[in-house]
Amino acid sequence: MDLKTRIYFLILLFVMLLTNPKALDLIAKLFGLVK
């Protein structure tokens, strides 16, 4: 992934977390499955 795509993804993720606090738990579960 190039830098621009990565930054866009992080901003999108940050906005999702701000608008939906429960998304944090979902993301934690997803990363738990990935690792």
Side-chain angles (χ1 to χ4, degrees):
M1 253 195 301
D2 63 338
L3 191 62
K4 195 181 291 184
T5 306
R6 192 175 295 166
I7 290 172
Y8 178 74
F9 180 74
L10 286 173
I11 290 171
L12 189 66
L13 197 66
F14 189 65
V15 171
M16 280 171 52
L17 288 177
L18 283 176
T19 56
N20 185 14
K22 288 184 180 178
L24 187 62
D25 293 331
L26 185 66
I27 291 167
K29 287 179 183 176
L30 285 174
F31 277 116
L33 289 173
V34 170
K35 288 182 179 177

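Below, all heavy atoms of this structure are taken into account, side chains as well, without hydrogens, waters or symmetry copies.
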* **Member of I11, T5, L10 meeting the side chain to side chain contact (heavy atoms under 4.5 Å, CB included) criterion with I7** => I11
Donor-acceptor pairs are to be reported for all side-chain atoms of residues 17-27 against protein atoms at under 3.5 Å, with residues two or more places apart or in another chain.
residue : atom : partner : partner atom : Å
T19     : OG1  : V15     : O            : 3.0
T19     : OG1  : M16     : O            : 3.1
N20     : OD1  : K22     : N            : 3.3

* Asked: Taking the hydrophobic residues Ile, Leu, Val, Met, Phe, Trp and Tyr, and joining any pair whose side-chain heavy atoms are under 4.5 Å apart, which ones share a cluster with Y8?
  -> none
